[in-house]
Amino acid sequence: MFYRIKEFGCKPTVRIYNHLLDALLGESENRYHMIDAVYENMNGEGLEPNVFTYNILLKALCKNGKLNAACKLLVGLCGNVAEAVAVCDRMEKDCFCPLNVTAYSTLVHGFAKAGDLQGASEVWNRMVNCEVQPHVVVYTPMVDVLCKNSMLDQAYRLIDNMVADGCPPNVVIFITFIKGLCHGGRVRWAMHVVDQMQRYGCLPDTRTYNELLDGLFSVNEFRKACELIRELEERKVELNLVTYNTFMYGFSSHGKEEWVLQVLGRMFVNGVKPDAITVNVIIYAYSKLGKVRTAIQFLERITAGKELCPDIIAHTSLLWGICNSLGIEEAIVYLNKMLNKGIFPNIATWDGLVRGFC
DNA sequence: TTAGGGTTAG
């Protein structure tokens, strides 16, 4: 590509190199060896990496779980033992850009995702000591990691202090907190927060209610979940694909499979198209109801439409249903059909089949 | 839109 740019008499810029780095690092396959070539090319052009280059690398390190390398980059203590660290070395030599709030938020997010409160706190403290002003994007992963470590009161206090710190909370940070509360079994508190967040000027949206709905089902509060849906419909709050999937999964996982099909009907009436998760929940519900023939027909219809491609989860549920309703011989026949179509079983599929034998 | 945060399934 760079040769083509030069053919037109143009010189690649740092911005173009950054785009290339971001693209290489965004791929699932490890492309660190190519990054070296990109760097050499940059140097050959007399271009210096900038703060964007630095943060693109940090993002990739965090995304790949190379938090130690990312931290070494942060404190300027790169070694040379791993490929990531080698890249850090290069960065340390070439780029003396001070870290900005984006870099810190990337790191805090990396630690939060791993549930590492100590790592996230160290980065946070470093940021504060370096007099970098945090904003809501850095606060959000801190709330997340506090919740993951069952420090719900501290998470709430952090949000509450944001206003005094001149950084008002937004809907995203409340969604993060509500999710943390629900995962911690504190669904009543989560409901209270949904009411309370409006005092901070944040209006609960569909994503907020989806989290709450998921939480209500997780503590078997079916009635409250139904009341919530009814209330949202009355208030004309948009119910999206995730809302319906959450609702259907909530019913199917608590033995109320007939209700799943009613919700599916409402979903179609409201013009919301199903996705792979919807298909899985429906197949699971039909299988649990013993309506295996209907499940097979449903799956065939979906496959014929070519809009959706049922995955191994849907097929595993169906196999499990066939085992229970039609017997293991029929399940083996279906398994062979799957294999012929190039759909290969995983450990959960075999687990279901083995149980069918017992 | 050159870099940073949030949702559902066996």
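So that the names make sense, note that chain A is the first sequence line, chain B the second, and so on, each numbered from 1.
For A:V242, the side-chain contact (heavy atoms from CB on, under 4.5 Å) partners at least two apart in sequence or on another chain are A:N210, A:N240, A:T246. Residues forming a ring-ring contact (aromatic ring centres under 6.0 Å, His included) with A:H254 (at least two apart in sequence, or on another chain): A:F222. Considering only residues two or more places apart in sequence or on other chains, A:E257 meets the salt bridge (charged side-chain N to carboxylate O under 4.0 Å, His left out) condition with A:K288. For A:N149, the side chain to side chain donor-acceptor pair (under 3.5 Å) test picks out no residue, with sequence neighbours left out.
Side-chain proximity of A:D214 to the nucleotides B:dT8, B:dT2, B:dT7 is greatest for B:dT8. Listed nucleotides B:dG5, B:dT2, B:dG10 differ in distance to A:R15; the shortest reach to its side chain belongs to B:dT2. If you check B:dG5, B:dT2, B:dA3 against the side chain of A:K59, the one that comes closest is B:dA3. Of the candidate nucleotides B:dA9, B:dG10, B:dG5, B:dG10 has the atom lying nearest to any side-chain atom of A:I312. Residue A:N55 has its side chain nearest to B:dA3 when only B:dA3, B:dG10, B:dG5 are considered. Checking B:dA3, B:dT7, B:dA9 against the side-chain heavy atoms of A:K179 singles out B:dT7 as nearest. When the nucleotides B:dG5, B:dA3, B:dA9 are ranked by their closest atom to the side chain of A:I313, B:dA9 comes out on top.
A donor and an acceptor atom never sit less than 3.5 Å apart when one is taken from the side chain of A:D144 and the other from the base of B:dG5. On a pure distance criterion of 3.5 Å, no polar donor-acceptor pair joins the side chain of A:N18 and the base of B:dA3. Scanning atom types as modelled, no donor and acceptor separated by under 3.5 angstrom connect the side chain of A:D351 and the base of B:dG10.
Rounded to an integer number of Å, the gap from A:M127 CE to B:dA3 P is 21 Å. Atom NE2 of A:H183 is separated from atom C1' of B:dT8 by 10 Å (rounded to the nearest Å). Whole-Å rounding puts the A:M42 CE to B:dT2 P distance at 15 Å. Atoms CG (A:L107) and P (B:dA3) sit 17 Å apart, rounded to a whole Å. Note: OH (A:Y104) to P (B:dG5) measures 18 Å, nearest angstrom. In this structure, the CG atom of A:L318 is 16 Å from the P atom of B:dG10, given to the nearest Å. Atom CG of A:L181 is separated from atom C1' of B:dT7 by 15 Å (rounded to the nearest Å). Rounded to an integer number of Å, the gap from OH of A:Y17 to P of B:dT2 is 18 Å.
A:P141 has its side chain out of reach of A:W124: every pair of non-hydrogen atoms, C-beta onward, lies at least 4.5 Å apart.
Within a heavy-atom distance below 4.0 Å of DNA chain B, no residue of residues 159-169 of chain A is found. Non-hydrogen atoms lying under 4.0 Å from DNA chain B are contributed by A:I277, A:N280, all within residues 271-285 of chain A. For the contact set between residues 238-269 of chain A and DNA chain B, defined by any heavy atom under 4.0 Å, the members are A:N240, A:V242, A:N245, A:T246, A:Y249.
Every pair tested for ring-ring contact (aromatic ring centres under 6.0 Å, His included) that includes a residue from residues 276-310 of chain A fails, sequence neighbours excluded, so the list is empty. Sorted by first and then second residue, the side chain to side chain donor-acceptor pair (under 3.5 Å) pairs with a member in residues 324-348 of chain A read A:N346-A:T349; sequence neighbours excluded. The side chain to side chain donor-acceptor pair (under 3.5 Å) pairs that include a residue from residues 155-176 of chain A are A:Y139-A:D165, A:Y156-A:Q196, A:D160-A:Y200, where partners are two or more places apart or lie in different chains. Within the structure, the salt bridge (Lys or Arg N to Asp or Glu O under 4.0 Å) test picks out the following pairs touching residues 128-146 of chain A (sequence neighbours left out): A:D144-A:K148.
Within 4.0 Å (heavy atoms only), A:T316 reaches at least one base atom of the nucleic acid. Across all strands, A:V14 comes closer than 4.0 Å to no nucleic acid atom at all (heavy-atom distances).
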Could you list the donor-acceptor pairs under 3.5 angstrom formed by side chains in residues 263-278 of chain A, with sequence neighbours left out?
residue : atom : partner : partner atom : Å
A:R266  : NH2  : A:E233  : OE1          : 3.1
A:R266  : NH2  : A:E233  : OE2          : 2.8
A:N270  : ND2  : A:Y244  : OH           : 2.6
A:N270  : ND2  : A:R266  : O            : 3.2
A:D275  : OD1  : A:N245  : ND2          : 3.1
A:D275  : OD1  : A:I277  : N            : 3.1
A:D275  : OD1  : A:T278  : N            : 3.0
A:D275  : OD1  : A:T278  : OG1          : 2.9
A:T278  : OG1  : A:N245  : OD1          : 2.8
A:T278  : OG1  : A:D275  : N            : 2.9
A:T278  : OG1  : A:D275  : O            : 3.4

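Residues A:V163 and A:V172 do not share a hydrophobic cluster, defined by chaining ILVMFWY side chains whose heavy atoms lie under 4.5 Å apart.
A donor atom on one side chain and an acceptor atom on the other are found under 3.5 Å apart for A:E122 and A:Q118.
Rounded to a whole angstrom, the distance from the C1' atom of B:dG5 to that of B:dA9 is 24 Å.
The main-chain N or O of A:A314 is found under 3.5 Å from a side-chain atom of A:D311 such that the two form a donor-acceptor pair.
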